[in-house]
Amino acid sequence: MYCKVVFDVPLDRDFDYAVPAELENKIMPGVRVTAPFGRVLTGGMVTSVSEICTAPKGVTLKEIASVVDKRPLFGSDLFPLMRFMKAQWGGPIGQILFSLVPPQPYFKLDNAPTSVHIDIKTPSMRLTPCQETALQTVRAFAAYEFHPVLLNGPSYTGKTETVLRLAGEVLAGYGQVLITVPDIAAARQFISEAEERFGADNVFCWHSRMLLSKKKKYFSAVSNGLPCVVIATRSGALLPFKNLRLAAVLDEGDDNYKQEENKPYYHLRELLMFRAKMHGAVLLFVSATPSLELLQKVHRQEVAQLSFTQAVPGHAFTPQIKLTDKKGEKSRFLSDFLLAQLTENLQRKETSLLILNRRGYSNAYYCLNCGAYAKCKKCGAILARENTPEHGDRLVCKKCGHTETLQQECPHCHNLIFKSRGGGTQKVVTELAKFFPKAHLLRLDSDTLKTKAGQGFEALNALKSGRADIIVGTRLASGALRGAKITLAAVLDAELELDGPDFRASEKYGQMLFALRGHLSGVSDGRLIIQAADKEAYDYEHLFAGDYNAAAQSELALRESFAYPPYVHLAKMLIKAKDADVLAAETARIKRLAAPLVCQTLGPVWCAKKTDVLKKQYLLFKTDEARWLELVAALDSFVPVKKASVKLSADPYDFY
DNA sequence: AGCACGCCGACT
DNA sequence: GTCGGCGTGCTC
């Protein structure tokens, strides 16, 4: 007997092995084995078993050393899922497979508990007609074929309550539920609510940074088909569900749902469309600000839409929205209007949230007179100030690598007064402390959330309890608003990111503004202040009206006219080499390879990084639906020369 | 990814 | 003279 084995290495192929007689009845596709591989004994997974040897001639087969699992850890959808991920986003099958199944041979399944206790506590409240309709419609869909649904409507319309009720029904029927949230902070906020409702034993909180022992426990339970509600971040979509009946994606529009840092790359939305379909599960996308990609699926009737229009009782307020200059008489960061509002809020003992939109532009250079940013003359991106021993003080474009001197003329007022701004929550807090020495100030960003003792967690709690006067956060804070008790929110440097290289910047910015607006509509006298240097950089009209869908439609029209997603697919190839000639040659080869499959090629664009002997640039290909998978396959199988390396991102969210 | 082999620079 | 740098090649 022979079998093919895939190993936990970034190799895009399987290897043939002979199966010793005593292991023949234990070997089957999906079980893990150990086998001599290269010079070591290592863990792999059997992908197929055969009586005839199909190994290429000239190779001497080695034997499987041991079989690790009694039964496959993952269900029968393992290999279809692997192939789907491979086709959609590329990458070596070894890495894809072992992102679905733990590679450590000592990671074995726990036994399934013999009994489960399910006691669901549903809060008694009167449902709105929209909620009633949604419940009935989703139940009806569930009885027929796979039909994904978007639950769409502003904050406080009871979307989440609807999801929790449906989840309760599934759990009561001994089914499995997956509810995904954008990040760990959101998971933490959600978990206690879920535990109270479904019982702590039936709720699993899953994210990538958890203890292996917990991972093992939850992975086993899910694989054993135990009834449960899994509250998870993106990676929860890769769990080995046996009996998935319902999957819900909360805050669908959040860009955390795209994995692009580590392989395998995937987008949760597309992945769950595939998995829920295979399992025949109900799939719900829940958002006040859904992505344009999803809205287009709704438009094409691939996803149904249920609109939530009625606010739950006590939360139907219209917040005031005010656009101000960012230049203040008294402060570098805070307009006089904002300062006055903060003072008022402090007197009322209410909590304010300030959002600093800094996204890698901590050293932007801006006009002291009107607040405009120095921009790259080549590509229009915001320039960063950089002071290095070799080149001295200068401005660098992080998008195209172009450099300029500090002598900049303001594009608006034509003065020569630009000033460096080392923005950041810390500086804002320092500034605030001068004005409000007695106020309780907290920072909420990825830095302060890194350590358990950091004030980030205190800030998260304070958002809910109101036990802080002013919280200064980054974009991350706008995603942790569930249950927040704030009456004033301000965006400090509004349009800063709109000029970046990311064509989705405007969509993301809009989503953040609508999220803030939505949460302020839950309190009386909520106020949203937007400090903008360039009030024309974003169309605020729909925000004032509170109509996200209108904002999305005008954004979609722009995307269509400029031929950007969701109207085309994008493939990014990042090419690295030390030698400029090698880089140019490889770039040209990739261009030639892709040419027959694309409708437009953008770039190559240089990636500027200060301390790098390496040369990096990327190419962007645009193509239509028909040639998309073919293009991914072609770029994925591109083998660079020894001195170069490439990285493919299918439908990328990161641009640099 | 690991791991080994191999060919050049600065040390006992 | 050799220890060790990492470039290159291979894994059934």
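Below, chain A is the first sequence line, B the second, and so on; all start at residue 1. Keep in mind the model is a prediction, meaning the values are calculated, not measured.
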Measure up the Phe655(A) and Phe503(A) rings against each other and bin them: parallel (under 30°), tilted (30 to 60°), perpendicular (over 60°).
perpendicular

Pairwise N/O distances under 3.5 Å, protein to nucleotides 4-7 of chain C:
none

Please determine whether the number of non-hydrogen atoms from other residues, nucleotides or ligands lying under 6.0 Å from atom NZ of Lys258(A) exceeds 12.
yes

Applying side-chain hydrogen bond (donor to acceptor under 3.5 Å, both in side chains) as the test, list every pair that has at least one member in residues 33-45 of chain A; sequence neighbours left out.
Thr34(A)-Ser66(A)

Taking it one step at a time, do Phe274(A) and Met85(A) satisfy side-chain contact (heavy atoms from CB on, under 4.5 Å)?
CA-CA 10 Å; Phe274(A) 179 82; Met85(A) 291 173 79; over 6 Å; no

Check: protein-nucleotides 10-12 of chain C nitrogen or oxygen pairs below 3.5 Å:
unit_1: dT11(C); atom_1: O3'; unit_2: Gly38(A); atom_2: N; d: 2.9
unit_1: dC12(C); atom_1: OP1; unit_2: Tyr17(A); atom_2: OH; d: 3.0
unit_1: dC12(C); atom_1: OP1; unit_2: Pro36(A); atom_2: O; d: 3.4
unit_1: dC12(C); atom_1: OP2; unit_2: Gly38(A); atom_2: N; d: 3.4
unit_1: dC12(C); atom_1: OP2; unit_2: Lys62(A); atom_2: NZ; d: 2.2
unit_1: dC12(C); atom_1: O3'; unit_2: Asp16(A); atom_2: O; d: 2.6
unit_1: dC12(C); atom_1: O3'; unit_2: Lys62(A); atom_2: N; d: 2.9
unit_1: dC12(C); atom_1: O2; unit_2: Asp16(A); atom_2: N; d: 3.1
unit_1: dC12(C); atom_1: O2; unit_2: Asp16(A); atom_2: OD2; d: 3.2
unit_1: dC12(C); atom_1: N3; unit_2: Arg13(A); atom_2: NH2; d: 3.1
unit_1: dC12(C); atom_1: N4; unit_2: Arg13(A); atom_2: NH1; d: 3.2
unit_1: dC12(C); atom_1: N4; unit_2: Arg13(A); atom_2: NH2; d: 3.2

Surrounding CG of Asn25(A) (heavy atoms of other residues, nucleotides or ligands, distance under 6.0 Å), is the total greater than 12?
yes

Separation of atom NZ in Lys263(A) from atom C1' in dA1(B), rounded to whole Å:
12 Å

Validation row: Lys26(A), Val31(A) side chains within 4.5 angstrom (heavy atoms):
no

Flag the pair Phe84(A) / Trp89(A) as yes when their ring centroid distance falls below 6.0 Å, and as no otherwise.
yes

Give one of base, sugar-phosphate or nothing for Val5(A), where a contact means two heavy atoms less than 4.0 Å apart.
nothing

Keeping Arg559(A) on the side-chain end and Pro565(A) on the backbone end, is there a donor-acceptor pair under 3.5 Å?
yes

